[in-house]
Amino acid sequence: MKIICIGRNYVEHIEELGNERPEHPIIFMKPDTSLLRNNEPFYYPDFSNDIHHEMEVLVKIKKEGKSIDKEFAKDYYDKVGLGIDFTARDWQTKLKAKGYPWEIAKAFNGAAPISHFISKSDTDVTNINFRLEKNGQEVQNGNTGLMLWPIDEIISYVSKFILLKKGDIIFTGTPKGVGPVDAGDRLVGFLENEKMFDFEIK
């Protein structure tokens, strides 16, 4: 399975980091060694002093497809979830400044905690409210209706370049409110009112 991530998909997040608004979805990937499941704790890596949370709605691909037309994209996934795209902001900033790839800032061990998945038929994927609490305080709040590229468009675009296979997970971008985490923090994520994950930073 692959973990495919979309960057800069919410305008207010683009603005909070002072980034340029892209013409097309920005795609990057994480290895399967980035996955954290079942509310496993995230262990703060010793190579960074500035790990940030970026909460995202996830899509799980249910069958193989390439060059998928947008109108048929809905047939290629049946479940949605919630996850964190942990980012070593210090490494990302340093590498971007030199014009180097910044994969190392996104693809390290444990950098992709994911929740359980729910059927997409249980919600309106174009209008999902989701939020992240850190130590009981809300720090991120988003709605999929604010995406620059909705889920079906993301699937269509990605499939032009990358064969999608059953079990692949797509991170669809983060809303505003990203910020640092520290050892001892607890992160709790919700899709609408359903608790999706609850884990500790160690």
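Please read these numbers as outputs of a predicted model, since none were measured by experiment.
The salt bridge (Lys or Arg N to Asp or Glu O under 4.0 Å) check on R186 picks up D198, E200, with sequence neighbours excluded. Judged as a salt bridge (Lys or Arg N to Asp or Glu O under 4.0 Å), and not counting sequence neighbours, K120 has no contacts.
To the nearest 0.5 Å, the span separating CD on E133 from CG on N141 amounts to 10.0 Å. Atom NZ of K202 and atom CG of D185 lie 13.5 Å apart (nearest 0.5 Å). D50 CG to D90 CG: the interatomic distance, rounded to the nearest 0.5 Å, is 5.0 Å. With rounding to the nearest 0.5 angstrom, the NZ atom of K63 is 10.5 Å from the CG atom of D78. With rounding to the nearest 0.5 Å, the separation of CG in N135 from CD in Q137 is 8.5 Å. Atoms CZ and OG, on F108 and S34 in that order, are 7.5 Å from each other to the nearest 0.5 Å.
Residues P180 and I51 fail the side-chain proximity criterion, which asks for heavy atoms closer than 4.5 Å. Within the 4.5 Å cutoff, side-chain heavy atoms of T172 are placed close to those of M147. When side chains are defined from C-beta on, I201 does not count as touching D182, because their heavy atoms never get closer than 4.5 Å. Put simply, the side chain of F199 reaches to within 4.5 Å of the side chain of F42, judged on heavy atoms. Between I84 and L132 the shortest side-chain heavy-atom distance falls below 4.5 Å. Looking only at side-chain heavy atoms (C-beta outward), L95 and I104 come within less than 4.5 Å of each other. Between K166 and I61, the closest side-chain pair of non-hydrogen atoms is not below 4.5 Å.
In the model, D124 has a side-chain atom that pairs as donor or acceptor with a side-chain atom of T126 under 3.5 Å. Between N129 and N143, the side chains place a donor N or O and an acceptor N or O closer than 3.5 Å (distance only, hydrogens not considered). Looking only at atom types and distance, the side chain of T174 has a donor-acceptor partner in the side chain of Q140 under 3.5 Å away.
Under the 3.5 Å distance criterion, the side-chain polar atoms of E153 are left unmatched by any main-chain donor or acceptor of P150. No donor-acceptor pair closer than 3.5 Å links the side chain of K62 to the backbone N or O of K165. Between the side chain of R8 and the backbone N or O of G173 there is no donor-acceptor pair closer than 3.5 Å.
Crowding of W149 atom CH2: a count of heavy atoms from other residues, nucleotides or ligands under 6.0 Å exceeding 12.
Taking both residues in full, the closest heavy atoms of F197 and S115 are given as CD2-CB, 4.2 Å, listed atom of the first, atom of the second, then distance. Nearest heavy atoms, I128 versus F130: O-CD2, 3.5 Å.
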Side-chain atoms of residues 24-31: list all donor-acceptor pairs with protein atoms under 3.5 Å, sequence neighbours left out, distances to 0.1 Å.
residue, atom, partner, partner atom, Å
K30, NZ, D85, OD1, 2.7
K30, NZ, F86, O, 3.4
K30, NZ, K106, O, 2.5
K30, NZ, A111, O, 3.0

Do any side-chain atoms of residues 67-77 form donor-acceptor pairs under 3.5 angstrom with protein atoms, and if so which ones, sequence neighbours left out?
residue, atom, partner, partner atom, Å
K74, NZ, E71, O, 2.9
Y77, OH, D152, OD1, 3.0

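Grouping the Ile, Leu, Val, Met, Phe, Trp and Tyr side chains by contacts below 4.5 angstrom, directly or via other members, places L163 apart from I155. Hydrophobic clustering keeps V181 apart from Y43 (ILVMFWY residues linked when any side-chain heavy atoms are closer than 4.5 Å, directly or through intermediates). Linking Ile, Leu, Val, Met, Phe, Trp and Tyr residues whenever their side-chain heavy atoms come within less than 4.5 Å places V158 and F161 in a single cluster.
Residue F190 shares its hydrophobic cluster (ILVMFWY side chains chained together at separations under 4.5 Å) with V188. Other residues sharing the hydrophobic cluster of L35, ordered by chain and number and joined by side-chain separations under 4.5 Å: M1, I3, L58, I114, F117, I169, F171.
Between R89 and E54 there is a salt bridge, since at least one side-chain N of the basic residue sits less than 4.0 Å from a carboxylate O of the acidic one.
Among the candidates V57, L191, V80, V125, the single residue satisfying the side-chain contact (heavy atoms from CB on, under 4.5 Å) test with T144 is V57.
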For this session: Could you walk me through whether M55 and L82 pass the side-chain contact (heavy atoms from CB on, under 4.5 Å) test, one step at a time?
Result: CA-CA 7 Å; M55 172 192 59; L82 199 64; 4.0 Å; yes
For this session: Carefully, step by step, assess E194 and H116 under the rule side-chain contact (heavy atoms from CB on, under 4.5 Å).
Result: CA-CA 11 Å; E194 181 171 351; H116 62 281; 3.1 Å; yes
Problem set entry | Chi angles and distances behind the side-chain contact (heavy atoms from CB on, under 4.5 Å) call for L164, I4 | CA-CA 10 Å; L164 296 176; I4 302 165; 3.6 Å; yes
